[in-house]
Number of protein chains: 2
Amino acid sequence: MAKKQYHHGNLRDSLVASAHGILAAEGVPGLSLRKVAAHAGVSATALYSHFKDKRELLAVLAAQGFEQLTGLMASEAGKRAIRDGAAAPDLAGLALGYVRFATGNKALFQLMFGRETGNPKDYPYLQEASARCYGLMADAVAARLEQSGSADSPAVAATAAWSLVHGLSTLINDGRISAGTCELASNEALVLQACRMLTFAEAAQEPG
Amino acid sequence: MAKKQYHHGNLRDSLVASAHGILAAEGVPGLSLRKVAAHAGVSATALYSHFKDKRELLAVLAAQGFEQLTGLMASEAGKRAIRDGAAAPDLAGLALGYVRFATGNKALFQLMFGRETGNPKDYPYLQEASARCYGLMADAVAARLEQSGSADSPAVAATAAWSLVHGLSTLINDGRISAGTCELASNEALVLQACRMLTFAEAAQEPG
DNA sequence: ATCACAACTTTACAGTGTAAAGATGGGGTC
DNA sequence: GACCCCATCTTTACACTGTAAAGTTGTGAT
């Protein structure tokens, strides 16, 4: 577990962990391969034995981020579902989880949706991780539409829902919108209010 | 107007124009000061007589982008308003203009909302330009709410509308959503459909 | 005619990603 | 147990980045 000499043992995981720490501490622009290598106690180019290039390392970070995001969304929705008797798929919970992750892991979120990581098509695990995340929301939207007998397209509704929470996340992170300008107590309240402005979300707000 | 020798004349505008061209041709990562300088026929550091640093140049580009965006939104909404008799503020037109700009000027749009340009607070003209753009949408949303007698908060509704179109724009640009997955003919159709899922937009869809 | 000063060039430096080639030592084979 | 292969790691080097510092140039004001 401690540092080895020439053959490190599992340098790959070590590098990912170092990168994760540096990313959280110094943001995307501060994440350089030399810093990662130094933090892992290894030479600057040792990385290339385990990753094709920087973008591949970032893709791994991003994929982990998507898994974390998926987990947070699911757990947040689960909590609220239990509290409210699980009458309906908890879209608001998923949205809250999404925004909470984005604002609590700004740099990682930026990386996940930035262009530094290269084309996700080149990294199947990345694409799968983000697909799972999107599926969580798409399924909930589809279930709610069906439940309320809506004729809206599930695909379009899911796209709209995702776009809304994603837009909220990025604009909040960029300091372009905030609870303050809407005279709300917290950004979470803003998210809940904004989600209520989606027709299908509002429709299911009152179970009766 | 042609190239001068030592004292260029208006190197500042020249640099901005060069940067604009390189940005459009090679994207944000391809936009280096040396390329800009070379394209303007000037030494690598001549730039620093007119800009504090790279971020200040990018801020000017971004501000111009916001003005262009504002213009496109207004013109698009105007076109549709005339066509439809201008019964209501054309939210869908503003949204279409927004997404059209984003997808038609990917690199510039990325720059406008990216972090390469530094804190907008340091560049008043940037902040003003983006505020004008946001105001266009906020005003339209407020007018529509009032017209439909809604009790919803105009600030929250405007935030939701902006978030939706912004989310759509970025996710489309990142290749994460597209008309294809929703079985629609074009991304513009997708935008229109998605906007219709906002409660206040739908309410005003039928003027009767 | 001179001078001051803004606009420009040259040079230099620290930092980046990464290609190429050399060093090292652990695992499999005899 | 001796051997060697080869993945793993180090060293060196290169092109590129933004930008600081100091030198040059020419214009407009005195």
Side-chain angles (χ1 to χ4, degrees), chain A residues 1-19 22-23 25-62 107 110-111 114-119 122-123, chain B residues 1-19 22-23 25-62 107 110-111 114-119 122-123:
Chain A
M1 182 129 324
K3 58 190 63 173
K4 319 271 174 69
Q5 55 282 18
Y6 211 96
H7 287 65
H8 184 287
N10 59 346
L11 180 55
R12 188 176 215 272
D13 294 350
S14 225
L15 288 169
V16 171
S18 294
I22 293 174
L23 176 64
E26 308 187 35
V28 172
L31 181 60
S32 80
L33 296 186
R34 286 173 151 88
K35 279 186 200 164
V36 172
H39 187 273
V42 102
S43 81
T45 59
L47 192 144
Y48 290 92
S49 295
H50 301 273
F51 301 94
K52 179 174 168 290
D53 51 18
K54 183 180 188 181
R55 293 182 309 157
E56 187 170 300
L57 170 62
L58 299 191
V60 173
L61 287 184
Q110 183 187 346
L111 189 72
R115 276 172 197 71
E116 294 89 355
T117 156
N119 195 338
D122 300 338
Y123 311 100
Chain B
M1 183 128 327
K3 57 190 65 174
K4 319 274 173 65
Q5 55 283 16
Y6 210 97
H7 286 66
H8 184 288
N10 58 347
L11 180 56
R12 187 177 217 271
D13 294 349
S14 224
L15 289 169
V16 171
S18 294
I22 293 174
L23 177 64
E26 307 187 34
V28 172
L31 181 60
S32 80
L33 296 187
R34 285 172 152 90
K35 280 186 197 162
V36 172
H39 187 272
V42 99
S43 82
T45 59
L47 192 143
Y48 290 92
S49 295
H50 300 274
F51 301 94
K52 180 173 166 293
D53 51 18
K54 184 181 188 181
R55 293 181 309 155
E56 187 170 299
L57 169 63
L58 299 191
V60 173
L61 287 184
Q110 184 187 346
L111 188 72
R115 275 171 197 73
E116 293 90 356
T117 157
N119 194 338
D122 300 339
Y123 310 100

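Hydrogens, waters and symmetry mates are skipped; everything else that's a heavy atom, side chains included, is used. In what follows, every chain begins at residue 1, and chains take the letters A, B, ... in the order their sequences are listed.
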Atom pair distance, as rounded to whole Å: CG in B/L58 and P in D/dT17: 14 Å
query: With sequence neighbours left out, which residue pairs that include part of residues 36-62 of chain A fulfil the salt bridge (charged side-chain N to carboxylate O under 4.0 Å, His left out) condition?
result: A/D53-A/R55
- request: State which residues pass side chain to side chain contact (heavy atoms under 4.5 Å, CB included) with B/A46; sequence neighbours excluded, sorted by chain then number.
  value: B/L11, B/V42, B/S43
query: Taking the side chain from B/K35 and the backbone from B/I22, do they hold a donor-acceptor pair closer than 3.5 Å?
result: no
- prompt: Mind checking what makes side chain to side chain contact (heavy atoms under 4.5 Å, CB included) contact with B/D13, not counting sequence neighbours?
  reply: B/N10
message: Without decimals, in angstroms, what is the distance between A/L47 CG and D/dT10 C1'?
response: 14 Å
- prompt: Between A/H50 and D/dC9, does any side-chain N or O lie under 4.0 Å from OP1 or OP2?
  reply: yes
B/E56 CD - D/dT19 P separation (whole Å): 11 Å
task: Using atom CG of A/L33 as one end and atom P of D/dT10 as the other, report the distance to the nearest whole Å.
output: 14 Å
- request: Give the rounded distance in Å between these two atoms: CZ of A/F51 and C1' of D/dC9.
  value: 15 Å
statement: note: B/L15, atom CG; D/dG18, atom C1'; distance rounded to Å ~ 15 Å
query: Taking OP1 and OP2 of D/dC9, is either one under 4.0 Å from a side-chain nitrogen or oxygen of A/S49?
result: no
- request: Specify the separation, in whole Å, of atom CZ of B/R55 and atom C1' of D/dG18.
  value: 12 Å
query: Taking only residues two or more places apart in sequence or in another chain, which ones pass side-chain hydrogen bond (donor to acceptor under 3.5 Å, both in side chains) with A/S18?
result: A/H39
Using the 3.5 Å cut-off, write out each protein N or O paired with an N or O of nucleotides 11-14 of chain D and the distance between them.
from, atom 1, to, atom 2, distance (Å)
D/dT11, O4, A/T45, OG1, 2.6

Rounded interatomic separation in angstrom, taking OH from A/Y48 and P from C/dG17: 7 Å
message: Suppose we screen for side chain to side chain contact (heavy atoms under 4.5 Å, CB included). Which residues come up paired with B/D122, at least two apart in sequence or across chains?
response: B/N119
